[in-house]
Amino acid sequence: MRIRATGDAFIGEEKLICPSLLAYIYVSPRLRAKRTLDLIGLFEKYPHLREQSAETDQLVEWDYGDYEGLTSPEIREHRRTNGMQSDRPWDIWRDGCVGGESPEDVERRCDALIKRIREQWHGPAMRDGNVPGDVVCVAHGHLLRAFAMRWVGKSISSSTVPLILEAGGVGILSYEHHSIDEPAILLGGSFVVKL
């Protein structure tokens, strides 16, 4: 219900996600991300945009490996009982996941997609204002928070990631001074529709 409301609130020609300005839509191949994309109604209202979309493994959620399905307290207890406790409690952003991805692995995935978006869509749109350049990415909480940090060139492993993105929320990544060399996060741009 919230995701449908988000689509109704933010998708339209005079709205935040303007279909005529969309260059491309990337979505994680995981079912919940594809379902989110369906629920926001973008393809329902603008079926031609389906041709401007693709699934990409670069947006798959962080591989939690041995920690899949465990809560943070359970992971900390697992680490303590297996002699993996350090002087600091486990933090996914710094420590990654045993049997899964490290922060550096996630950074590489994010960086590859960011590079593709900037080269293929944003660069041409900035050079020619008549070319659509907006890109929508539909993915998962940890991955999208890491993506936002990498967007502005910050390491996700240097500290905890102080960003929140609610389920069904919309975040805006942009540029200062219309310059591809000045990536920025649009403050006030993380939106979620209240029910």
Side-chain angles (χ1 to χ4, degrees), residues 1-7 25-40 54-118 135-173 183-195:
M1 206 167 173
R2 175 184 281 177
I3 295 169
R4 266 213 194 276
T6 297
I25 301 156
Y26 293 102
V27 63
S28 163
R30 298 279 165 85
L31 184 59
R32 65 181 183 249
K34 293 191 300 186
R35 182 74 178 130
T36 296
L37 181 56
D38 286 342
L39 286 172
I40 64 172
E55 295 177 15
T56 176
D57 287 338
Q58 291 167 320
L59 288 176
V60 170
E61 180 59 295
W62 197 307
D63 180 350
Y64 299 123
D66 297 352
Y67 300 157
E68 184 66 45
L70 300 177
T71 64
S72 293
E74 290 169 336
I75 293 167
R76 290 184 185 111
E77 177 60 22
H78 168 78
R79 291 173 66 88
R80 187 189 65 72
T81 59
N82 288 293
M84 300 168 68
Q85 186 67 24
S86 67
D87 56 339
R88 301 176 295 191
W90 173 82
D91 183 292
I92 193 170
W93 307 106
R94 180 188 60 238
D95 304 316
C97 299
V98 173
E101 287 183 297
S102 69
E104 295 76 21
D105 294 331
V106 172
E107 285 183 349
R108 277 190 290 277
R109 280 200 290 129
C110 290
D111 290 351
L113 184 55
I114 289 168
K115 182 177 191 280
R116 182 172 12 157
I117 289 169
R118 288 183 177 152
V135 174
V136 169
C137 294
V138 181
H140 315 275
H142 276 117
L143 190 281
L144 286 172
R145 289 162 62 198
F147 193 86
M149 292 293 286
R150 296 307 298 154
W151 184 265
V152 293
K154 302 294 181 194
S155 169
I156 66 172
S157 60
S158 62
S159 65
T160 58
V161 178
L163 301 173
I164 297 171
L165 183 60
E166 295 283 342
V170 176
I172 306 297
L173 303 178
I185 297 173
L186 179 62
L187 291 177
S190 182
F191 304 96
V192 66
V193 174
K194 301 274 188 217
L195 295 178

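In what follows, every heavy atom counts, from backbone to side chain, and hydrogens, waters and symmetry copies are set aside.
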**Asked** Do L143 and C110 have side chains that get closer than 4.5 Å, going by heavy atoms?
**Response** yes
**Request:** Return yes if some donor-acceptor pair links the side-chain N/O of D105 with the main-chain N/O of S102 below 3.5 Å, else return no.
**Result:** yes
**Asked** For the atom pair CG (L173) and CG (L144), what is the distance rounded to the nearest 0.5 Å?
**Response** 9.0 Å
**Check: W151 and R118 side chains under 4.5 Å, non-hydrogen atoms** = yes
**Fill in**
Minimal heavy-atom distance between P89 and R76, with the atoms involved, is CB-NE, 3.6 Å
**Prompt:** Are any of the side-chain heavy atoms of Y67 and R79 separated by less than 4.5 Å?
**Reply:** yes
**Asked** Is the shortest heavy-atom distance from the side chain of I3 to the side chain of R35 under 4.5 Å?
**Response** no
**Request:** Using modelled atom types only, decide if a donor and an acceptor are shared between the side chain of R150 and the backbone of D111 within a distance under 3.5 Å.
**Result:** no
**Message:** For a 4.5 angstrom cut-off between non-hydrogen side-chain atoms, does R116 reach Y26?
**Reply:** yes
**Passing option when H142 is tested against W93, W62, Y64 for side chain to side chain donor-acceptor pair (under 3.5 Å)** = Y64
**Asked** Any side-chain heavy-atom pair from C97 and E101 closer than 4.5 angstrom?
**Response** no
**Complete:** Smallest heavy-atom separation, C137 atom then L113 atom, equals SG-CD2, 4.4 Å
**Message:** With side chain to side chain donor-acceptor pair (under 3.5 Å) as the test, pick out the partner of H140 among R145, R32, R30.
**Reply:** R32
**Asked** Listed by chain and number, what are the salt bridge (Lys or Arg N to Asp or Glu O under 4.0 Å) partners of E74, not counting sequence neighbours?
**Response** none
**Fill in**
Tightest non-hydrogen contact, residues P103 and I156, listed as O-CD1, 3.6 Å
**Asked** Does any pair with a residue in residues 55-69 pass salt bridge (charged side-chain N to carboxylate O under 4.0 Å, His left out), and if so which ones, sequence neighbours excluded?
**Response** K34-E55
**Item:** Approximate separation, where rounding is to 0.5 Å, of L163 CG and K154 NZ
**Value:** 11.5 Å
**Message:** With rounding to the nearest 0.5 angstrom, report the CG to CZ distance, D38 to R4.
**Reply:** 8.5 Å
**Message:** Show the nearest heavy-atom pair for residues V60 and R109, with the distance to one decimal.
**Reply:** O-NH1, 2.7 Å
**Message:** I need the minimum non-hydrogen distance between S28 and A33, along with the two atoms involved.
**Reply:** CB-CB, 3.7 Å
**Asked** Looking only at heavy atoms, which two atoms of I185 and A148 are closest? And how far apart?
**Response** CD1-O, 4.0 Å
